[in-house]
Amino acid sequence: MESNASGDDFGDIDWNTEDELEISEIPISTSNLPTPGGVTIVCNGEESSSAHSSNSKLIQHFVGMGFPDKLVVKAIEEIGEGSSEGKILDTVLTYLELQNSSEEHGCIDSDQSTSGYDESLLHDSDIDSWSDDDDEENSDDLSESEKKLQTLQKMGYSVDEATEAMHRCGPDASIAVLTDFICAAQIARAEAPDLPAEIKPKANYTCSQNGKLKRRLYAELDNRKKQRGMVGEDSEMIRLPKPMVGFGLPTDDQSSIVRERTLPEQALGPPYFYYENVALTPKGVWDEISKCLYYVEPEFVDSKYFCAAARKRGYVHNLPIQKRFPLRPLLPLNIEETFPLTKRWWPSWDSRTYLNCLQTAIGSAKLQDRIRKAVEAYDGEPPEHVKKYVIDQCKKWNLLWVGRNKVAPLEPDEFELLLGFPRNHTRGGGISRTDRYKSLGNSFQVNTVAYHLSVLKPLFPDGINILSLFSGIGGAEVALHRLGIPLNNVVSVEKSEINRNIVRSWWEQTNQKGNLIDFDDVQTLDAYKIESLAGKIGGFDLVVGGSPCNNLAGSNRVSRDGLEGKESILFYEYVRILDTVKNIMSGRRFN
DNA sequence: CACACAATGAGACTGCGC
DNA sequence: GCGCAGTCTCATTGTGTG
């Protein structure tokens with residue numbers, strides 16, 4: 001295997017072994033999922049099988065997620081001991097659903113119950129109340145605050161955390177708001193390097209341990225709400241921000257930068273994750289992406305704020321957003337400073353100051369010739385219709401003025417410059433010019449991504465282990481390297497051999513001390529391989545990747561089929577693999 | 001066979017006038 | 001608020017050329 005040729009100590013992993021896995025994959029029927037691509041939910045089969053002998057463990061498992069224990073017990077009784085987590089979850093969901101619909105109609109009436117469950121078990125009306133209500137019937141004399149405190153304690157939070165949250169969020173704050181606050185506070189403390197270790201939260205990721213089930217739960221409820229018309233299709237659609245600056249730019253007035261956000265608790269790491277795709281997708285795509293990635297709101301950024309070319313992209317990540325810093329030196333944001341030689345030839349009637357999105361194809365020589373002839377035909381300024389034709393073509397193909405009446409497309413090394421890669425990053429080794437454009441056109445803008453990833457530097461002073469999916473020409477790896485974050489272990493998955501060669505070549509040229517291991521297909525990276533790799537290297541700190549945009553991009557006139565498209569459907573592989581890594585990381589402790 | 005070229009024209013958004 | 005033209009977009013495909 002190619003990846004074993006690197007002389008590292010990974011050669012002894014036998015990918016073909018049939019050894020029983022601690023992690024196994026259980027495909028969930030699409031009827032349970034909002035993801036038509038068939039996300040695979042990974043469950044711990046070992047734990048499930050041992051659970052027959054200990055129902056209390058399973059009950060504890062669900063109660064830990066905030067479900068009423070009586071419902072869980074009832075569900076297990078109804079569907080039989082030894083049932084899978086998924087079945088139990090479905091049954092509990094049904095109970096909750098029935099409860100919700102009863103309350104909506106204001107008719108909780110046990111006489112109407114035909115489902116076999118005891119509605120007296122239920123008395124909460126919303127998601128805030130999926131806590132253990134065991135004592136509630138005996139606690140009528142407790143104040144609202146005391147009840148909330150009790151609920152939070154049962155969810156595993158300390159009295160101090162709960163009290164602080166209730167104090168800060170006010171007396172009317174719901175349980176959901178309070179748990180959000182506590183999670184945000186945990187992250188903030190974890191990220192504050194100046195806090196003494198003893199007051200930092202321990203690796204308390206209990207909230208993410210059950211993330212996949214919770215995600216499924218939220219998705220299921222979301223679907224049912226939609227079916228009942230409770231949620232308007234458009235009312236919650238993700239809209240693109242204007243201006244497209246994400247949480248703020250390095251050049252912003254510091255006071256205007258967003259410094260806090262509350263992540264859904266199931267989105268918390270480890271690992272950190274960072275997902276990218278084109279911003280301008282068919283409707284609903286970003287809603288789906290966000291939903292599958294734990295309901296984290298995308299951060300939309302146009303790279304024209306980081307270089308002289310536009311690149312509108314959405315990023316979904318669970319990284320901290322405080323204390324970001326940019327790569328130095330900053331790139332110029334206009335064409336004139338980026339390509340000073342063009343200034344002499346730039347006509348006054350071409351008002352462009354920055355380029356459009358760098359794509360995978362360039363303007364042809366014939367087109368350049370047509371433009372030259374069109375402009376040459378006039379002594380002074382050409383008439384309006386000629387100007388319009390020329391400017392339209394220049395915008396469409398990102399052409400620069402490189403001589404008298406002469407336009408030209410960007411050279412590959414100019415692509416590299418604009419995108420933040422080292423010069424000649426994609427040059428040589430048998431790669432054609434066309435392939436260079438294709439690889440570069442599909443890549444990250446390094447400075448933009450590095451700005452987001454910069455927060456990892458103080459967190460991983462001794463280096464980082466990353467799982468890089470759809471690596472392309474290694475935009476994330478280059479960004480981390482340029483940030484000065486040591487790359488201890490990089491597992492890179494990239495279909496194109498040309499791109500894999502580019503990354504390996506870069507790896508060797510930059511004298512990396514760590515290990516680079518590569519795969520060619522995300523679909524073959526199963527739970528066993530991920531588990532083995534994680535075991536070898538001590539876990540993954542970051543899962544990064546931008547899945548194929550072919551079926552999302554506006555340039556595609558043929559098969560812009562959205563996330564169900566032939567290539568773009570691989571997004572669900574990112575979700576699957578991230579879920580697997582989350583599962584592994586929450587089930588074990590890595591040092 | 002690799003590469004270059006050009007036709008293709010969907011979908012979302014924006015800005016303008018009414 | 002509506003209609004419309006204008007703008008932009010990590011592309012695909014078939015054909016031509018050397």
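Here is how names work: the chains are called A, B, and so on, in the same order as the sequence lines, proteins then strands, and each is numbered from 1. Fair warning: this is a prediction, and the values are worked out from it, not measured in the lab.
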> So does A:Arg370 get a side-chain nitrogen or oxygen closer than 4.0 Å to the phosphate oxygens (OP1/OP2) of B:dA6?
Replying inline: yes

> Given B:dA6, C:dC8, B:dC3, which nucleotide is nearest the side-chain atoms of A:Asp435?
Replying inline: B:dC3

>> Whether the side chain of A:Arg313 and the base of C:dC10 hold a donor-acceptor pair under 3.5 Å is what I'd like checked.
In response: yes

>> Need one value for A:Ser547: base, sugar-phosphate or nothing, where a base atom within 4.0 Å counts as base even if backbone is also close, heavy atoms only.
In response: base

> Which nucleotide, B:dA6, C:dC8, C:dC10, lies nearest any side-chain atom of A:Ser555?
Replying inline: C:dC10

> Which of the following nucleotides, B:dA6, C:dT7, C:dT12, is nearest to the side chain of A:Lys366?
Replying inline: B:dA6

>> Measure CG/A:Leu358 against P/C:dA11 and give the value in whole Å, please.
In response: 11 Å

> Do you see a donor-acceptor pair shorter than 3.5 Å between the side chains of A:Asp579 and A:Tyr294?
Replying inline: yes

>> What is the distance, to the nearest angstrom, from the CD1 atom on A:Ile362 to the C1' atom on B:dC5?
In response: 11 Å

>> Go nucleotide by nucleotide along DNA chain B from the 5' end; which of A:Ala553 and A:Ile431 gets its closest nucleotide reached first?
In response: A:Ile431

> When all nucleic acid strands are considered with a 4.0 Å heavy-atom cut-off, which category describes A:Ala365: base, sugar-phosphate, or nothing?
Replying inline: sugar-phosphate

>> Given the ring of A:Phe325, does A:Lys457 sit roughly above its face, with NZ or CZ under 6.0 Å from the centre of the six-membered ring and within 45° of the axis?
In response: no

>> Rounding to an integer number of angstrom, what distance separates C:dC10 and B:dT14 when you compare their C1' atoms?
In response: 22 Å

> How many Å lie between NZ on A:Lys396 and C1' on C:dT7, as a whole number?
Replying inline: 12 Å

> Expressed in angstrom and rounded to an integer, what is the separation of A:Asp369 atom CG from B:dC5 atom P?
Replying inline: 11 Å

>> Whole angstroms only, please: what is the NZ-P distance between A:Lys438 and B:dA2?
In response: 13 Å

>> From CD of A:Glu416 over to P of C:dC10, roughly how many Å is that when rounded to an integer?
In response: 20 Å

> For the pair made of CG in A:Asn556 and C1' in B:dA12, what is the distance, rounded to whole Å?
Replying inline: 15 Å

> Just to confirm, is there a sub-4.0 Å distance from OP1 or OP2 of C:dT9 to any side-chain nitrogen or oxygen of A:Asn356?
Replying inline: yes

> Looking at the rings of A:Phe300 and A:Trp286, which for Trp means the six-membered one, are their centres under 6.0 Å apart?
Replying inline: yes

>> For a quick check of understanding: with a heavy-atom distance under 4.0 Å over all strands, which category does A:Cys357 fall into, base, sugar-phosphate or nothing?
In response: sugar-phosphate

> What does A:Lys242 touch in the nucleic acid at a heavy-atom separation under 4.0 angstrom: a base, only the sugar-phosphate, or nothing?
Replying inline: sugar-phosphate

> At under 4.0 Å between heavy atoms, what does A:Lys566 touch on the DNA or RNA strands: base, sugar-phosphate, or nothing?
Replying inline: nothing

> Picking from C:dT9, B:dG11, B:dC3, which would you name as closest to the side chain of A:Gln359?
Replying inline: C:dT9

>> Looking at C:dC2, which nucleotide sits across from it as a Watson-Crick or G-U wobble partner, both distances under 3.5 angstrom, or is there none?
In response: B:dG17

> Can you name the closest pair of heavy atoms from A:Asp350 and A:Trp401 and give their distance?
Replying inline: OD2-NE1, 2.8 Å

> Of the nucleotides B:dA12, C:dC10, C:dC8, which has the atom closest to the A:Pro282 side chain?
Replying inline: B:dA12

> Does C:dC10 have OP1 or OP2 sitting under 4.0 Å from an N or O in the side chain of A:Ser443?
Replying inline: no

> What is the nucleic acid contact for A:Glu276, judged by heavy atoms within less than 4.0 Å: base, sugar-phosphate only, or nothing?
Replying inline: base

>> Side chain of A:Ser432, heavy atoms from C-beta onward: which of C:dT12, B:dC3, C:dT7 has the nearest atom to it?
In response: B:dC3

>> Among C:dT12, C:dC10, B:dT8, which nucleotide has an atom closest to any side-chain atom of A:Asn550?
In response: C:dT12

> Does a nitrogen or oxygen in the side chain of A:Thr360 sit under 4.0 Å from OP1 or OP2 of C:dA11?
Replying inline: yes

> Closer to the 5' end of DNA chain B via nearest nucleotide, is it A:Thr281 or A:Ser364?
Replying inline: A:Ser364

>> Testing the basics here: between A:Gly363 and A:Gln368, what is the closest heavy-atom pair and its distance to 0.1 Å?
In response: O-NE2, 3.3 Å

> Between atom CG in A:Asn551 and atom P in B:dG11, what is the gap in whole Å?
Replying inline: 13 Å

> How about A:Tyr437 and A:Phe415: are their ring centres within less than 6.0 Å of each other?
Replying inline: yes

> Relative to the 5' end of DNA chain C, which residue comes earlier, A:Ala279 or A:Lys388, by the nucleotide with the nearest heavy atom?
Replying inline: A:Lys388

>> Please verify the inter-ring angle class for A:Tyr274 with A:His452; under 30° counts as parallel, over 60° as perpendicular, anything in between as tilted.
In response: tilted

